[in-house]
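Okay, so here's the structure we're looking at.
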There are 2 protein chains.
Amino acid sequence: MNLGEIGRRVRESREARGLTQSSLAALVGVSRSAVAQWETGRSGQVGANLALVAEALGVGVSYLLLGEPGSPADRSEPPQITGNELALVRLYRRCGPADQAALVRLAHRFAVGQASPT
Amino acid sequence: MNLGEIGRRVRESREARGLTQSSLAALVGVSRSAVAQWETGRSGQVGANLALVAEALGVGVSYLLLGEPGSPADRSEPPQITGNELALVRLYRRCGPADQAALVRLAHRFAVGQASPT
DNA sequence: ATATCTTTGTTAGTTTTAATCACCTATGAC
DNA sequence: GTCATAGGTGATTAAAACTAACAAAGATAT
């Protein structure tokens with residue numbers, strides 16, 4: 001995520017829309033100097049205005065950030081384990097290999113004993 | 001792009017990886033308080049550390065920002081837990097509450113036995 | 001040719017804000 | 001009870017992002 005690239009894409013998108021720095025600044029609600037600094041890379045990042053800039057330019061936030069075209073809106077699967085499971089994994093990580101194996105074997109015995117659903 | 005949502009996803013991703021605020025802070029190179037403030041929404045944004053946070057958590061920048069997986073490159077992520085740990089968690093999930101508690105207690109006993117007193 | 005208007009780049013100064021430090025609470029182990 | 005770990009929050013500090021002002025290049029008209 002090169003930050004200089006973001007400014008370049010802001011400029012390209014702005015010019016493709018036929019906007020001046022002033023008009024984009026008005027749409028976003030910042031000064032024209034701010035837009036100029038985004039585009040010339042003097043500001044490290046567009047920051048909190050990123051969403052507003054993307055909307056004003058008619059592009060996706062992902063495009064400005066990463067250069068990839070708009071993302072298909074399929075949901076990802078973020079969290080996998082819950083708090084209890086997290087605690088177990090933390091303990092597991094502190095065990096030696098033999099103890100880890102013993103834990104897995106015991107868990108397996110317990111699980112099998114619980115009449116596993118298919 | 002609700003900024004409070006970003007903190008929520010940082011927390012979920014962090015816990016899914018089994019990291020504490022301290023360990024994530026160390027990975028990113030900031031103080032633990034900074035991580036706490038991201039997650040509680042006290043800081044409006046993660047800002048320039050966004051890319052580092054995403055990398056440390058093994059998720060995409062787009063996911064942290066938008067809750068969507070974003071570009072395909074974002075999806076080439078390392079697994080959040082290792083294969084052995086995942087297997088243990090799966091077995092754990094098939095155990096009854098008493099057996100789950102027994103597993104945790106045993107894991108703790110093992111972990112303590114392995115503990116390196118700092 | 002020069003005056004003027006438009007657009008953009010850049011520097012200096014101000015303000016916002018994110019990070020750090022410190023202290024606090026809650027929880028669990030011993 | 002103490003001790004250790006994990007996390008939340010107020011106050012201070014340092015680093016930004018923003019604004020304002022000035023400068024330069026290009027076009028157009030007179």
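Within every chain, numbering begins at 1; the chains are lettered A, B, ... in the order of the sequence lines, protein sequences first and strands thereafter.
- Looking at residues two or more places apart in sequence or on another chain, you find no salt bridge (charged side-chain N to carboxylate O under 4.0 Å, His left out) involving A:Glu55.
- For A:Trp38, the listed nucleotide lying nearest its side chain is D:dC18; candidates were D:dG8, D:dC18, C:dT20.
- Closest to the side chain of A:Arg11, out of C:dT10, C:dT8, C:dT20, is C:dT8.
- Residues passing the salt bridge (charged side-chain N to carboxylate O under 4.0 Å, His left out) test with A:Arg32, sequence neighbours excluded: none.
- Looking at heavy atoms from C-beta onward, B:Leu50 lies out of side-chain contact with B:Trp38 at the 4.5 angstrom threshold.
- In this structure, the side chain to side chain donor-acceptor pair (under 3.5 Å) partners of B:Ser23, at least two apart in sequence or on a different chain, are B:Thr20.
- Residues forming a side-chain contact (heavy atoms from CB on, under 4.5 Å) with A:Leu57 (at least two apart in sequence, or on another chain): A:Val10, A:Ser13, A:Arg14, A:Leu19, A:Leu24, A:Val53, A:Val59.
- Under a 3.5 Å cut-off, the side chain of A:Arg11 and the backbone N or O of A:Glu39 do not form any donor-acceptor pair.
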How does protein contact run along nucleotides 22-28 of chain C, one letter per nucleotide 5' to 3', with B for base contact, S for sugar-phosphate only, - for none, heavy atoms under 4.0 Å?
B------
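- Interface remark: the A:Gln37 side chain does form a donor-acceptor pair with the D:dT19 base, using a distance-only criterion of under 3.5 Å.
- A donor N or O paired with an acceptor N or O is not found under 3.5 Å between the base of D:dT5 and the side-chain atoms of B:Gln21.
- The side chain of A:Ala36 lies closest to C:dT10 when the candidates are C:dT10, C:dA19, D:dT19.
- Atom-to-atom, CD1 of A:Ile6 to C1' of D:dA17 comes out at 14 Å; the value is rounded to the nearest Å.
- Among C:dG9, C:dT8, D:dA6, the nucleotide with an atom closest to any side-chain atom of B:Thr20 is D:dA6.
- Rounded to whole Å, the distance from CZ on A:Arg8 to P on C:dT8 is 17 Å.
- Distance, B:Leu50 CG to D:dA16 P: 16 Å, rounded to whole Å.
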